[in-house]
Protein chains: 2
Amino acid sequence: MTEFPSADMAQVELVDVLRALADPVRLQIVGMLADGKPYPKGDCTMGLDLTKSTASYHFRTLRESGLTRTIVHGRTHDIQLRRDELDEKFPGLIEAVLREK
Amino acid sequence: MTEFPSADMAQVELVDVLRALADPVRLQIVGMLADGKPYPKGDCTMGLDLTKSTASYHFRTLRESGLTRTIVHGRTHDIQLRRDELDEKFPGLIEAVLREK
DNA sequence: CGAATGGTTCGACGGTTGTCGAACTATTGC
DNA sequence: GCAATAGTTCGACAACCGTCGAACCATTCG
């Protein structure tokens, strides 16, 4: 079984989180994950006109930056905003970014 | 006299602000401007190992993104974080970004 | 005026980013 | 086992980014 290791939050850098957020597609995806619950990746890209490979690239970017975690569920993957950990490390940041919607 | 027009805050996009913040040099500069007071550009890049042209590039990026305004003072330029306007448009964002220091 | 100071602009450059299609992996269900 | 489904990985590509030096512009000051 393939693994999708989450980034170690202790060494996540603000500038990298900001870079991950600084893209229209990823910002949109993060917006869909606002409530902190896990969603199938397929659902997250509905309405966004992306190829599978491009979507996969953005999911990887989000995960590696520390913004999301991936939960493998059979052949579908759920993705979840790491809300609690992010709020602890960067208080107010996610809330401020999500307010815009 | 050369002009340095500030971006129209009404049409500043969150994603562009995030992009401007998503660079170590610019994040550092913004950190120095935290109190919202104007500072000479020269002071902002002290300690950062940058050429004049690179510094100028980052200042332009910050200004065009809407993060800063430039005030020409003789042959020196003061730069100022547009704190109030940013707080109104993106509540909590700047505070969250600056907390990290 | 002429020299020094503080910045900008331009062109070039290498590295990174976002996108794609094609091939591949893994899991489900018939 | 086999086909379908959900997603990843790889290589290629164009566009963009951050950096630099050189030339330039504007202002102060002797």
Side-chain angles (χ1 to χ4, degrees), chain A residues 1-7 13-30 32-33 38-80, chain B residues 1-7 13 15-33 38-80:
Chain A
M1 173 170 60
T2 323
E3 279 302 311
F4 292 92
S6 300
E13 301 278 352
L14 175 62
V15 70
D16 296 319
V17 171
L18 291 172
R19 190 157 45 228
L21 291 169
D23 174 275
V25 170
R26 292 191 295 266
L27 202 49
Q28 189 102 352
I29 294 173
V30 169
M32 299 187 194
L33 303 172
Y39 287 97
K41 287 182 176 174
D43 294 10
C44 297
T45 54
M46 278 191 348
L48 284 58
D49 193 23
L50 303 174
T51 63
K52 292 196 301 176
S53 50
T54 299
S56 186
Y57 162 72
H58 287 299
F59 286 131
R60 178 160 55 86
T61 302
L62 287 169
R63 176 172 46 80
E64 289 178 349
S65 78
L67 276 167
T68 63
R69 76 167 53 82
T70 300
I71 304 142
V72 177
H73 243 189
R75 70 185 157 187
T76 79
H77 301 178
D78 282 11
I79 185 178
Q80 183 177 27
Chain B
M1 174 169 61
T2 323
E3 280 300 312
F4 291 93
S6 302
E13 300 277 353
V15 71
D16 296 319
V17 171
L18 291 171
R19 221 178 169 1
L21 291 169
D23 174 274
V25 171
R26 293 191 294 265
L27 203 49
Q28 190 102 350
I29 294 173
V30 169
M32 300 185 190
L33 302 174
Y39 288 97
K41 288 182 176 174
D43 294 10
C44 297
T45 54
M46 279 192 346
L48 284 59
D49 194 22
L50 302 175
T51 63
K52 293 196 301 177
S53 50
T54 299
S56 187
Y57 162 73
H58 287 299
F59 287 132
R60 178 160 53 86
T61 301
L62 287 170
R63 175 172 45 81
E64 288 178 350
S65 77
L67 275 167
T68 63
R69 75 166 55 83
T70 299
I71 303 142
V72 177
H73 242 194
R75 68 185 159 189
T76 79
H77 300 179
D78 282 12
I79 185 178
Q80 183 178 28

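In what follows, chains are A, B, ... by sequence order, proteins preceding strands, each numbered from 1.
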Which parts of residues 49-61 of chain B get close to DNA chain D, meaning a heavy atom less than 4.0 angstrom away?
-> B:Thr51, B:Ser53, B:Thr54, B:Tyr57, B:His58
Roughly how far, to the nearest 0.5 Å, is the CZ atom of A:Arg19 from the CG atom of B:Leu27?
-> 10.5 Å
Whole-Å distance separating the CE atom of B:Met46 from the C1' atom of C:dG7 = 17 Å
Considering only side-chain heavy atoms of A:Arg26, which listed nucleotide, C:dT17, C:dG18, C:dG7, is closest?
-> C:dG18
Specify the separation, in whole Å, of atom CG of A:Leu27 and atom P of C:dG18.
-> 13 Å
Could you tell me whether the phosphate oxygens of D:dT8, OP1 or OP2, come under 4.0 Å of any side-chain nitrogen or oxygen in A:His77?
-> yes
Whole Å only: how far is the CG atom of B:Asp23 from the C1' atom of D:dT19?
-> 11 Å
CD1 of A:Ile79 to OG1 of A:Thr45, rounded to nearest 0.5 Å, is 10.0 Å
What integer distance in Å separates A:Arg75:CZ from D:dT8:P?
-> 15 Å
Return the 5'-most residue of the pair A:Val25, A:Gly74 with respect to DNA chain C, ranking by each residue's nearest nucleotide.
-> A:Val25
Heavy-atom closest contact (B:Val15 atom, A:Leu21 atom, distance) = CG2-O, 4.4 Å
Mark yes or no for whether A:Ser56, through its side chain, and A:Lys52, through its backbone, hold a donor-acceptor pair below 3.5 Å.
-> no
Using whole Å, report how far CZ of A:Phe4 lies from P of C:dT25.
-> 14 Å
Shortest non-hydrogen contact from A:Asp16 toward A:Ser65 | O-CB, 4.0 Å
In whole angstroms, how far is the P atom of D:dT5 from the CG atom of A:Asp43?
-> 16 Å
Atom of B:Leu33, atom of B:Cys44 and distance for their closest heavy-atom approach = CD2-SG, 3.9 Å
Quick one: B:Ile71 CD1 to D:dT27 P, roughly how many Å, whole number?
-> 17 Å
The nucleotide from C:dT8, D:dT28, D:dA6 with an atom nearest the side chain of A:Thr76 is D:dA6
Checking B:Leu62, B:Val30, B:Leu50 against B:Val25 for side chain to side chain contact (heavy atoms under 4.5 Å, CB included), the one that qualifies is B:Leu50
